[in-house]
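Sequence positions, counted from 1, serve as the residue numbers for this chain. Numbering of ligands and ligand atoms starts at 1, following listing order. Small disclaimer: the values here were computed from a predicted structure and weren't measured.
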Amino acid sequence: MSETRHAEIAGAGFAGLASAIALKQRGWSVRVHESSPELRAFGAGIYIWDNGLHVLDSLDAYQQVLNGAFAAPAYETRTNGVRLSYQRINQPGYRRLLTMTRQHLYEAMLDSARRHGIEIVTRSEVVAADPEGRLKVADGRWFEADLVIGADGVKSKVRDSLDIPLERQRYHDGLTRVLAPRGPLKGGDWDNVIDFWHKGEDGRTLRILYTPCSEDTLYMAMMAGLDDHEAAAIPVNPAPWVEAFPGLRPALESLGDRGRYDLYEKTVLKEWAIGKVAVVGDSAHAMPPTLAQGAGCAMMNALGLAVAMEESDTVEEGLALWQQRERPLTDHTQGRAAELAASRELAHGMSWSDTDMRAAGHLPTGTSAAFSA
Ligand SMILES: Cc1cc2nc3c(=O)[nH]c(=O)nc-3n(C[C@H](O)[C@H](O)[C@H](O)COP(=O)(O)OP(=O)(O)OC[C@H]3O[C@@H](n4cnc5c(N)ncnc54)[C@H](O)[C@@H]3O)c2cc1C
């Protein structure tokens, strides 16, 4: 096709920005609608494995991500004070996993979007899409496109307007995510990612995924069951956490009113596309964060979508190719993440099996094996 094709995208999150950049790089014009008044990520950290780093490289955002992200030398699991697994990372011959604040990742992607001249409209809430290739915003206007993308997150209005069968599952566990100053928690083992578990004699299970995400900033993902009102409370009540993890006291007592609790959730959409509309990211396949691959898969699928469009004569053919090529890995990853969430099996140590690491070790469509920064 010679004339410029146009995409309207709902959501300027990781999936929406990745879709926009990847399409723009392939000659499309794109407009992104974001319902929030500001373009920013909320205050938490994020893990990006090798697959996501490859995508960021292809989106021209990797170097900025690298500058200010954290490369821990090891990933360990300690349950009731006993080290159960220890794996080197970010060293020659080992897996790559960068940790960073969400805002750091978001800014790198946003800056790339701006360099590519992408139009992002804030305070533009999308309320529906139609398979003919139209997107509707809250003030009643319709925008026409060759391709419409619903990248509007787990509560997607685009998805819900399309009448595609959806299975939704919520889990018993959730995570409070917070950023804190690292303070004295620096150097030696404190530079590792440490998955701390506490299994009390009273049956209580708590977990803190301790994550340095820059020289000065610590990210803690604090798992508690929804019915553990004391530990799942926001603002964080430090008492039960300090009792379970006394070594983290300095960070736990510095939290103030920060933190946000989200339950683990999984959504499975029967089809990721209908007509000229694609559903990308959490709107299509939210998953429990046990493998830290939600954003990784979202970005892989966004890039894979643009590549499939480039390889196909029509949007419909491209969408079919996209689903056929990208969906099996996401389904596998989502399924395994859900098993780990239901079983709390990570308390026995992180498995580095090919099954669990399939997405992390995957070379995404549209990326180059030559990249190894
Ligand atoms: C506790 C937890 C920890 C996680 N940790 C990791 C991790 O370490 N690594 C990882 O890879 N993944 C992780 N994830 C998953 C990751 O956060 C998501 O998969 C990722 O954010 C999905 O990106 P998205 O762009 O699809 O959705 P979102 O990030 O939700 O972005 C959606 C965007 O759309 C906007 N929007 C919403 N509705 C509308 C509308 N109607 N109109 C216009 N705009 C709209 C929103 O404001 C937002 O900007 C975690 C998830 C959870 C819950």
K.L.:
Pairs of nitrogen or oxygen atoms closer than 3.5 Å, one from Y47 and one from ligand 1: do any exist?
P.N.:
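It does: an N or O of Y47 is found under 3.5 Å from an N or O of ligand 1.
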K.L.:
So, the side chain of R344 versus the backbone of T205: is there a donor-acceptor pair under 3.5 Å, distance only?
P.N.:
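Side chain of R344 to backbone of T205: no pair is present.
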K.L.:
To which of A298, G153, G174 does the heavy atom nearest atom 27 (O) of ligand 1 belong?
P.N.:
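It is G153 whose heavy atom sits nearest to atom 27 (O) of ligand 1.
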K.L.:
Does any N/O atom on A15 come nearer than 3.5 Å to any N/O atom on ligand 1?
P.N.:
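Checking ligand 1 against A15, an N or O pair does fall under 3.5 Å apart.
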K.L.:
Pick whichever of V279, D282, L17 has a heavy atom sitting closest to atom 26 (O) of ligand 1.
P.N.:
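Result: the heavy atom closest to atom 26 (O) of ligand 1 is in D282.
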K.L.:
Using only heavy-atom distances, determine whether the side chains of D331 and H285 contain a donor-acceptor pair under 3.5 Å.
P.N.:
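Distance-only check fails for D331 and H285.
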K.L.:
Would you please test E167 and K266 for salt bridge (charged side-chain N to carboxylate O under 4.0 Å, His left out) and show each step?
P.N.:
CA-CA 8 Å; E167 278 171 43; K266 177 177 133 187; 5.7 Å; no
K.L.:
Is there a donor-acceptor contact under 3.5 Å from the side chain of E310 to the main chain of L23?
P.N.:
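No, E310 side chain to L23 backbone: no donor-acceptor pair under 3.5 Å.
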K.L.:
Look only at the side chain of H116 and the backbone of S112, and say whether a donor-acceptor pair between them is shorter than 3.5 Å.
P.N.:
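Present.
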K.L.:
Under 4.0 Å from a heavy atom of R102: which atoms of ligand 1 are those, numbered in the order shown and with their elements?
P.N.:
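Counting from 1, the qualifying ligand atoms are 4 (C), 5 (N), 6 (C), 13 (C), 14 (N), 16 (C), 17 (O), 21 (O), 50 (C).
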K.L.:
Would you call the rings of W352 and W49 parallel, tilted or perpendicular, taking 30° and 60° as the class edges?
P.N.:
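Ring orientation of W352 relative to W49: perpendicular.
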K.L.:
So does R168 get a backbone contact from the side chain of T267, meaning a donor-acceptor N/O pair under 3.5 Å?
P.N.:
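No.
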K.L.:
If you count the atoms of ligand 1 from 1 in the order shown, which ones are under 4.0 Å from a heavy atom of E125?
P.N.:
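That gives atoms 41 (N), 42 (N) of ligand 1.
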K.L.:
Answer yes or no: is there a side-chain heavy-atom contact under 4.5 Å between R96 and I89?
P.N.:
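Sidechains of I89 and R96: no contact.
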K.L.:
Which bit of S35 is near ligand 1, meaning a heavy atom under 4.0 Å away: side chain, backbone, both or neither?
P.N.:
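Both backbone and side chain of S35 come within 4.0 Å of ligand 1.
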K.L.:
Given that the side chain starts at C-beta and the backbone is N, CA, C, O, which of these parts of A151 lies under 4.0 Å from ligand 1, counting heavy atoms, or is it both or neither?
P.N.:
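Answer for A151: backbone.
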K.L.:
Mind checking whether F14 has an N or O less than 3.5 Å away from an N or O of ligand 1?
P.N.:
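Yes, F14 has an N/O under 3.5 Å of an N/O on ligand 1.
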K.L.:
With a heavy-atom distance limit of 4.0 Å, tell me whether H33 approaches ligand 1 through its side chain, its backbone, both, or neither.
P.N.:
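For H33, the contact with ligand 1 is made by the backbone alone.
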K.L.:
Check the side chains of Q63 and D57 for a donor-acceptor pair under 3.5 angstrom, ignoring hydrogens and angles.
P.N.:
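Their side chains do not contain a donor-acceptor pair, so the 3.5 Å distance test is not met.
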K.L.:
Give the numbers and elements of all ligand 1 atoms closer than 4.0 Å to a heavy atom of Q293.
P.N.:
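Numbered from 1, ligand 1 contributes 10 (C), 11 (O).
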K.L.:
Per the salt bridge (charged side-chain N to carboxylate O under 4.0 Å, His left out) rule, which among K24, R115, R114 passes with D60?
P.N.:
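The option that passes is R115.
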K.L.:
Taking the six-membered ring for Trp, are H198 and F245 parallel (under 30°), tilted (30 to 60°) or perpendicular (over 60°)?
P.N.:
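Perpendicular: the ring planes of H198 and F245 meet at over 60°.
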K.L.:
May I ask you to test the R40-Q103 pair for a side-chain heavy-atom distance under 4.5 Å?
P.N.:
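SC-SC contact between R40 and Q103 confirmed.
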K.L.:
Would you mind checking which non-hydrogen protein atom is closest to atom 37 (C) of ligand 1, with the distance to 0.1 Å?
P.N.:
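For atom 37 (C) of ligand 1, the nearest protein heavy atom comes out as D152 O, 3.3 Å.
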K.L.:
Does S36 approach ligand 1 within less than 4.0 angstrom via side chain, backbone, both or neither, non-hydrogen atoms only?
P.N.:
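Side chain only.
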K.L.:
Does ligand 1 have any atom that is closer than 4.0 Å to a heavy atom of E265?
P.N.:
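No, E265 has no heavy atoms under 4.0 Å from ligand 1.
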K.L.:
Would you say that Y261 contacts V236 through its side chain, given a criterion of any heavy-atom pair below 4.5 Å between the two side chains?
P.N.:
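No - every pair of side-chain heavy atoms lies 4.5 Å or more apart.
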K.L.:
Should the proximity of L175 to ligand 1, defined as any heavy atom under 4.0 Å, be assigned to the side chain, the backbone, both, or neither?
P.N.:
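It is the side chain that touches ligand 1; the backbone stays farther off.
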K.L.:
State whether a side-chain donor-acceptor pair under 3.5 Å links H6 with E8.
P.N.:
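Yes, a side-chain donor-acceptor pair sits under 3.5 Å.
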K.L.:
Quick check: does S283 get an N/O under 3.5 Å from an N/O on ligand 1?
P.N.:
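N/O-N/O distance below 3.5 Å does not exist for this pair.
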K.L.:
Is the closest N or O pair between G296 and ligand 1 shorter than 3.5 Å?
P.N.:
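Min N/O separation from ligand 1 is below 3.5 Å for G296.
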K.L.:
I'd like to check which ligand 1 atoms, numbered from 1 as shown, lie under 4.0 Å from a non-hydrogen atom of G294.
P.N.:
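Those qualifying, in numeric order: 10 (C), 11 (O), 12 (N), 15 (C), 19 (O).
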K.L.:
Measuring from non-hydrogen atoms of A221 to any atom of ligand 1, is the shortest distance under 4.0 Å?
P.N.:
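Flag not set, A221 not near ligand 1.
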K.L.:
Can you sort out which atoms of ligand 1 are near A292, meaning under 4.0 Å from one of its heavy atoms?
P.N.:
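Those qualifying, in numeric order: 7 (C), 8 (O), 9 (N), 10 (C), 11 (O).
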K.L.:
Considering only the protein, which heavy-atom contact is closest to atom 41 (N) of ligand 1, and what is its distance?
P.N.:
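It is V126 O, 2.9 Å.
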K.L.:
Check M299 against ligand 1 and report side chain, backbone, both or neither, counting heavy atoms closer than 4.0 Å.
P.N.:
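No part of M299 is near ligand 1 at this cut-off.
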K.L.:
Please could you name the atoms of ligand 1 that G281 approaches to less than 4.0 Å, counting only its heavy atoms?
P.N.:
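Those qualifying, in numeric order: 26 (O).
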